[in-house]
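Below you'll find the structure, written out as structure tokens, and then a few comments.
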Amino acid sequence: MDLRKDKKKDMLCTAVALAAMFIVLLVMELTMKSTSILFTVMKKGVIYALVAVSMNLLNGFTGLFSLGQAGFMLIGAYTYSILSMPVSVKMGESVYKYYDCAIGIELGIFPSLILAGVIAAVFAALIGLPVLRLKSDYLAIATLGFAEILRALFQWDAMGPVTNGANVLRQYKDLTKVKIPFTNIQFPPTLFCFLVSGICIAIIVLLINSSYGRAFKAIRDDEIAAEAMGINLFKHKEMSFVISSFFAGISGAMLAMFQYTVQAAQFKTAMTYEILLIVVIGGIGSVTGSCIASFLFIACNEWWLRFLDESSNNILGLNILRSGFRKVVFSIIIMIIVLFFSKGIMGDREFSWARIRAFFARFKKKAAASEGGEPNV
Amino acid sequence: MSDSVLRMEDVTMQFGGVVAVNNLSLEVNRGEIVALIGPNGAGKTTAFNCITGVYEPTNGQVFYEDKLIVANHPSGKMKKAYQGMNSEKYIHVKPIDPTPDQITKLGIARTFQNIRLWKSMTVFENVLTAKHMRARQNVFSATFRLNAAEEHRMHEETLALLEEQNLLQFKDDLATSLPYGLQRRLEIARALATEPKLLLLDEPAAGMNPQETEDLGQFIVQIKEKYDLTIFMIEHHMDLVMRFSDRIYVIDFGKLIAKGTPAEIQANPKVIEAYLGVADDE
């Protein structure tokens, strides 16, 4: 009975914390300049958090070492931008300069977002059929290969009428075009990113804690035992792969919204490695870890370490600061994290109110002991 | 309905030139405790793996409740290299090669010789996860908690099962933190959670002392009665085998060398020979 009460209390705490976060975000967006770097970092951070969590579902919870995430983001980004682009733009010369656009439909933001996920999931289902029969490194190589094939396919000249070849896609519905439903007021863009990513991550967390999530973990821990206990390996692996790719597709679509332009050349293997880095630093098998690491990664990459690239502000007269130096420092930081947190920031633990309460209880006890003077032995 | 629960006919498993199981035919009837014994490397676990779909046998058939569940005959390269017998006998049967989960779904559960519990999960979760197969749900209903009643039932049944196996006090411990004997017991509990009719135990008493072995024997009889099971086990502890099993099959180098009741087996010179070797001179 007591346990159930605690659970209810925890859920209430989470709800309050989330509501507070959204309110603070809203207030910030209404009062601060929208071009502030803080918002850029938060938007990109939360988009990467979603794709990192989706990768964690696959790598951390199902034990499938897949490196195809950038490919599925690419599908999501292209699907979204092509579908949401106004027909007038498609027929004009400004985007499809060398091709006649073959897609004559235009969808709203939400249908496009969801279709971006669905198309990515369909591709994942097809790719999964041959690829998921492989294990560990072989699976990684095969998925990496498929992601590269997808990128080449989208850049292919023959696909031009759909994808605009290797050229940039622009003028689709980006973040500034999101309206509050039934009104003409702009939806605060950062809040929008947080809401969509938040809902997606919440769904993934629900899945992980469900019966299917337990089956995924069983496959990760011991495939042979999982199979002997009646868990159909292929079905569950395919399921995890498809769901993970669905959310990677949505996050790709949001990246497209955030960037205002989309080009296939951006979704290289290096992007998958960035996401893998976030997952590893956050902790393989920890959703909270992926979220934290994603914000840290984006903030370091885009903001905090930027000053290292400017050759104008020299320290101690040494001329070491120049463009690219940021990457050196960044690599060192990553090495330090890997050395001292070998399992990532969170390991395989999750955020929990119980742990925070325990922490404060310990803290209080310590304070009481030092104030009380005499330790009661 | 006939009494036969498991029937193996001419099951042969050949790896390259090694014939691990050689024309093994045996039968397990409803309500029996049958033991499969033999010296190390005799092919006992391989025989289990042929039944449960881990291996695809080279030749032979396996029936479960008189229904054909595994069938194969030598084909391709193996046609020439085959060293067993009766290779032509099953050529008319379409090969059936089920995956282990399909076998488990039929009602055959197993434990492993080297314990294979899920390491990152607690005792409770280990048993709960084994209930996943029989739950009526899909990803959508499970994710959005539309299966609350089903989930509740699974939780209750898991708790009941753990209580019965005296594991309830360890329910929130990591499975791998349990002492060895309890880990074996948990593996049996996990197998029971899949609601089997036939339970295959692969050396359940490995690494146990005489007292624990005795307890395990009682325990096996107990769960057999309670869950209306048929038990087919591989075991090395002779006292356990002799005391608790109804019938015994003995194999050596993959071949069946003797079968019968414990008393018959004890008196069989071939068995003694397989275990102790023959005297050289005389």
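A note on names: the letters A, B, ... follow the listed sequences, proteins ahead of strands, and every chain is numbered from 1.
Within a 6.0 Å radius of NZ in A:K343, no more than 12 heavy atoms belonging to other residues, nucleotides or ligands are found. Crowding of B:F144 atom CZ: a count of heavy atoms from other residues, nucleotides or ligands under 6.0 Å exceeding 12. In this structure, B:F15 places its CZ atom where more than 12 heavy-atom neighbours from other residues, nucleotides or ligands lie under 6.0 Å away. In A:F351, the CZ atom is crowded: over 12 heavy atoms of neighbouring residues, nucleotides or ligands sit closer than 6.0 Å. In this structure, A:M21 places its CE atom where more than 12 heavy-atom neighbours from other residues, nucleotides or ligands lie under 6.0 Å away. Atom CG of B:D228 has 12 or fewer heavy atoms from other residues, nucleotides or ligands within 6.0 Å. Remark: B:E163 CD is loosely packed, at most 12 non-hydrogen atoms of other residues, nucleotides or ligands lying under 6.0 Å away. Atom CD1 of A:I224 sits in a sparse spot, with 12 or fewer heavy atoms from other residues, nucleotides or ligands closer than 6.0 Å.
A distance-only check finds a donor-acceptor pair linking the side chain of B:R145 to the backbone of A:L206 [under 3.5 Å].
With chain A as the partner, the residue from B:Q137, B:Q102, B:E125 showing the most heavy-atom pairs under 4.5 Å is B:Q137. Comparing B:K131, B:K105, B:M121 by heavy-atom pairs within less than 4.5 Å of chain A, the highest count is held by B:M121. With chain A as partner, the option from B:N147, B:N138, B:T111 having the largest number of non-hydrogen pairs under 4.5 angstrom is B:N138.
Both the backbone and the side chain of A:N209 come within contact range of chain B, each with at least one heavy atom under 4.5 Å from a heavy atom of that chain. Interface remark: A:I243 contributes side-chain atoms only to the contact with chain B (heavy atom separation under 4.5 Å).
The heavy-atom pair separating B:F112 from A:A228 by the smallest distance is CZ-CB, 3.5 Å. Summarising the geometry of B:A142 relative to A:Y212, their closest heavy-atom pair is CB-CD1, 3.6 Å, with the distance given to 0.1 Å. Residues A:I203 and B:T143 approach most closely at O-CG2, 3.7 Å, considering heavy atoms. Residues A:D221 and B:S120 share a closest heavy-atom pair of OD2-OG, 2.7 Å.
Note: B:W118 CH2 to A:R220 CZ = 12.0 Å, rounded to the nearest 0.5 Å. How far CG of A:N232 is from OG1 of B:T99: 5.5 Å, rounded to the nearest 0.5 Å.
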Let's go through A:L233 and B:D101 carefully: what are the C-alpha distance in whole Å and the side-chain angles of both, what is the deciding distance for side-chain contact (heavy atoms from CB on, under 4.5 Å) to 0.1 Å, and is it a yes or a no?
CA-CA 8 Å; A:L233 283 190; B:D101 57 280; 5.9 Å; no
When you look at A:D222 and B:R116, which way does the salt bridge (Lys or Arg N to Asp or Glu O under 4.0 Å) test go after all the steps?
CA-CA 7 Å; A:D222 193 328; B:R116 283 184 179 275; 3.1 Å; yes
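Partner of A:I231 under the side chain to side chain contact (heavy atoms under 4.5 Å, CB included) criterion, chosen from B:T194, B:T104, B:T129: B:T129. For the pairing with A:M229, the side chain to side chain contact (heavy atoms under 4.5 Å, CB included) check across B:H132, B:R190, B:M133 returns one residue only, B:R190.
B:R110 has no carboxylate O lying under 4.0 Å from a charged side-chain N of A:E227, or vice versa, which leaves the two without a salt bridge.
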